[in-house]
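One structure below.
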Amino acid sequence: MFLPMTVPVRTRFAPSPTGYMHIGGMRTALFCWLWARHNRGTFILRIDDTDQQRHVEEALQPIFRAFRWLGLNWDEGPEVGGPFGPYFQSQRSHLYRDAVEKLLASGHAYRDFDTPEQIAADRQAAESQKQNYVTVRRSLDLTPAQQAEWTAQGKPSVVRLLVPRDRKIAVDDAVRGHVEWDCGLMPDPVLMRSDGSFLYNFATVVDDAQMQITHIIRAEEHLTNTAVQALLHEALGNPPPVFAHIPFITAPGSNKKLSKRDLLKLRNSPALKKMFDRADEILPQLGWGDSSTLNPVMVEYYERLGYLPAGILNALSRLGWSLDDKTEHLPLPTVIENFTLDRIVKAPAGFDPEKLQSYQANWMNALPLDEKIDGCLTYLQRKQEVAGTTTPIDREFLGRVVAMLGERLRVFSDILDYPELFLSTDAPLVYDEKAFQQRLVTATEAPGLLTNVRDLLATVEPFDAPTLDKLVHDFVTAEGIKIGQIVHALRIAVTGKAVGAGLFETLALLGRDLCVSRITATLARC
RNA sequence: GGCCCCAUCGUCUAGAGGCCUAGGACAUCGGAUUUUCAGUCCGAGUACAGGGGUUCGAAUCCCCUUGGGGUCACCA
């Protein structure tokens, strides 16, 4: 658009080390990554750690982890290096200092000796007169000698950009179109603090230019910053990058930014409650905390619960972007091939857990059986480790379980919902008490019928699903009862549960001995 | 409050003047199948925020209103 086609595309994602990867931030990162890959360009990871936290290294790990899990590799950045490093803002002060000097020398910036108190008073004065506040610029009237003297005395000062008030600044945003601001309404932004450190808005511009970023793809909340940044690029003589402000993700059922700050509200929102509850059910079994340590705004939540990268990627891609009027299931290569900035939707997109589930189900379904087995095995083994037990899990048997469960298995950790299938012979079942009452106590004929069926099961040959199906149906006919009078009782007797996979398949899977002994045990309980 | 952005079914979206009595997906509700749940198959309902223009013709272009959101630091 503004760049010659020969310039290779370079995009960047610049997270702060917060200690977790936000799902919305991941979506922004994905869009950056996609645009780079679509153009066979370069995707850069740069760490915005200007506030110098102590444990940057630790706080960074979940971010790297999320990228790696989803398979979004970075071409330049931490751990991989690159020709434009260092990739930590905290290590790039010399570049910012040079840029400040350059702006000071060219007259685009000036030293401001006004105290924060003066500035605050100016602001208040403007406000009380219902006037727009702009910097008063008293320091501009200082003689060079006065300035030098104050500087020599160590009087604190900041460096501000001298905003050209007589004009407008405009940007042709790749998703929002032409946007412009009146510079006469803008205060002069601080570039360098009195302690010599630099502001994000300035550092970003210096970095983007030095790293030769061609497309700045970021969340909409930065749109207002763009006026200052565009001015800075201009003052620095940089070739202007293309800006693309993508809409942010909103919390389900709201139009506010999906934020970790509103966690309490999110937890109680009907759409998200299930996800929190699921975390509390599953995570403790695996020794990975609970919903207070991992929640649905974090990428790690999905990883730990056993979602598929393909499912998450598909869902994230479709939040604010579409291929056409009907394609929903998109493998990454297809997205890369077709991803363009002009198809990004302008309006904010609500995060919809239900739809995410449906993408996930689609990709789980498409997964080869072997990979499903591997995934489930990991979870079963992890659970055993945590519980301190070591019952060996037969891979072939697990394969039969996974095949039988079919679409009931949406994420890998769902396998933990079926402990009764993996229990050894002598381990007692946990019964769904309500169902037990209804099907085996209230239904007074049930124990008798069950006893008869057990005796038939003890000898029937072969012990496979079709045979068992026929056996039970013949039994129903012979007894003159309804099928519902026996199947529910039978299922509870054998699994303890009211619902599950196909009954006859389940019986066949568990095997004759286990079925008979469990029915006997259940009968003893009636 | 100033500035800026946004506005199609409950939700994600298609739609770049006639193909739109607005298409798809998720969710919802029916029906069928099944021993239950899930699934599957079939079917249903539901949307262009409002008002003015421009035009032979507007969801699509312009203006206004309304509503929502973002941002206004020596934060990132």
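Within every chain, numbering begins at 1; the chains are lettered A, B, ... in the order of the sequence lines, protein sequences first and strands thereafter.
Contact check on Glu220(A) versus Lys257(A) returns no salt bridge, with no Lys/Arg side-chain nitrogen under 4.0 Å from an Asp/Glu carboxylate oxygen.
Comparing the P positions of G1(B) and U55(B) gives an interatomic distance of 37 Å, to the nearest angstrom.
In this structure, A25(B) forms a base pair with U11(B), meeting either the Watson-Crick or the G-U wobble geometry with both donor-acceptor distances under 3.5 Å. Across all strands shown, G57(B) forms no Watson-Crick or G-U wobble pair with both key distances under 3.5 Å. Across all strands shown, U71(B) pairs with G2(B); the Watson-Crick or G-U wobble distances both stay below 3.5 Å. U40(B): Watson-Crick or G-U partner is A32(B), with both key distances under 3.5 Å.
In this structure, Arg123(A) reaches the A73(B) phosphate: one of its side-chain N or O atoms is under 4.0 Å from OP1 or OP2. OP1 and OP2 of A76(B) both lie 4.0 Å or more from every side-chain N or O belonging to Ser16(A).
Defined by atom type and a distance below 3.5 Å, a donor-acceptor pair is missing between the side-chain atoms of Arg218(A) and Thr28(A).
Judged by distance alone, with hydrogens and angles left aside, Glu127(A) brings no side-chain donor or acceptor close enough to the base of G1(B) to form a pair under 3.5 Å. Within 3.5 Å, no donor on the side chain of Lys326(A) pairs with an acceptor on the base of A25(B), nor the reverse.
Of the candidate nucleotides G70(B), G24(B), A76(B), G70(B) has the atom lying nearest to any side-chain atom of Phe248(A). For His473(A), whose side chain is taken as the heavy atoms from C-beta onward, the closest listed nucleotide among U40(B), U35(B), C12(B) is U35(B). If you check C3(B), G70(B), G68(B) against the side chain of Glu221(A), the one that comes closest is G70(B). Of the candidate nucleotides C12(B), U35(B), A76(B), C12(B) has the atom lying nearest to any side-chain atom of Lys355(A). Taking only side-chain atoms of Glu354(A), from C-beta outward, the nucleotide of G39(B), C26(B), C74(B) with the closest atom is C26(B). Distances were taken from every side-chain heavy atom of Asn255(A) (C-beta onward) to each of A76(B), C3(B), G69(B); the shortest belongs to G69(B). Comparing U13(B), C75(B), G23(B) by their nearest atom to the side chain of Leu199(A) picks out C75(B). Relative to the side chain of Lys256(A), the nucleotides C74(B), U13(B), G69(B) differ in distance, and G69(B) lies closest. In the set U35(B), G70(B), C74(B), the nucleotide with an atom closest to the side chain of Pro116(A) is C74(B). Taking every side-chain heavy atom of Ala349(A) into account, U13(B) is the closest of C3(B), U13(B), U36(B).
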Atom pairs, N/O to N/O, protein against nucleotides 4-6 of chain B, distance under 3.5 Å?
residue : atom : partner   : partner atom : Å
C5(B)   : O2'  : Arg176(A) : NE           : 3.2
C5(B)   : O2'  : Arg176(A) : NH2          : 3.1

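A cation-pi arrangement, defined by a distance under 6.0 Å to the six-membered ring centre and an angle within 45 degrees of its axis, is present between Arg27(A) and Phe31(A).
The only member of Arg137(A), Arg111(A), Arg160(A) that meets salt bridge (Lys or Arg N to Asp or Glu O under 4.0 Å) when paired with Asp188(A) is Arg137(A).
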### Query
Which is it for Ser93(A) and Arg97(A) under the side chain to side chain donor-acceptor pair (under 3.5 Å) test, yes or no, and what are the steps along the way?
CA-CA 6 Å; Ser93(A) 303; Arg97(A) 185 152 296 117; 5.6 Å; no
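Rounded to an integer number of Å, the gap from NE2 of His245(A) to C1' of U71(B) is 12 Å. Rounded to an integer number of Å, the gap from Phe351(A) CZ to C26(B) P is 17 Å.
Looking at Leu45(A) and Pro15(A), their side chains come closer than 4.5 Å, going by heavy atoms from C-beta outward.
For CD of Glu221(A), the number of neighbouring non-hydrogen atoms (other residues, nucleotides, ligands) closer than 6.0 Å is greater than 12.
Distance check, rounded to the nearest 0.5 Å: CG of Leu490(A) to CD of Gln485(A) gives 13.5 Å.
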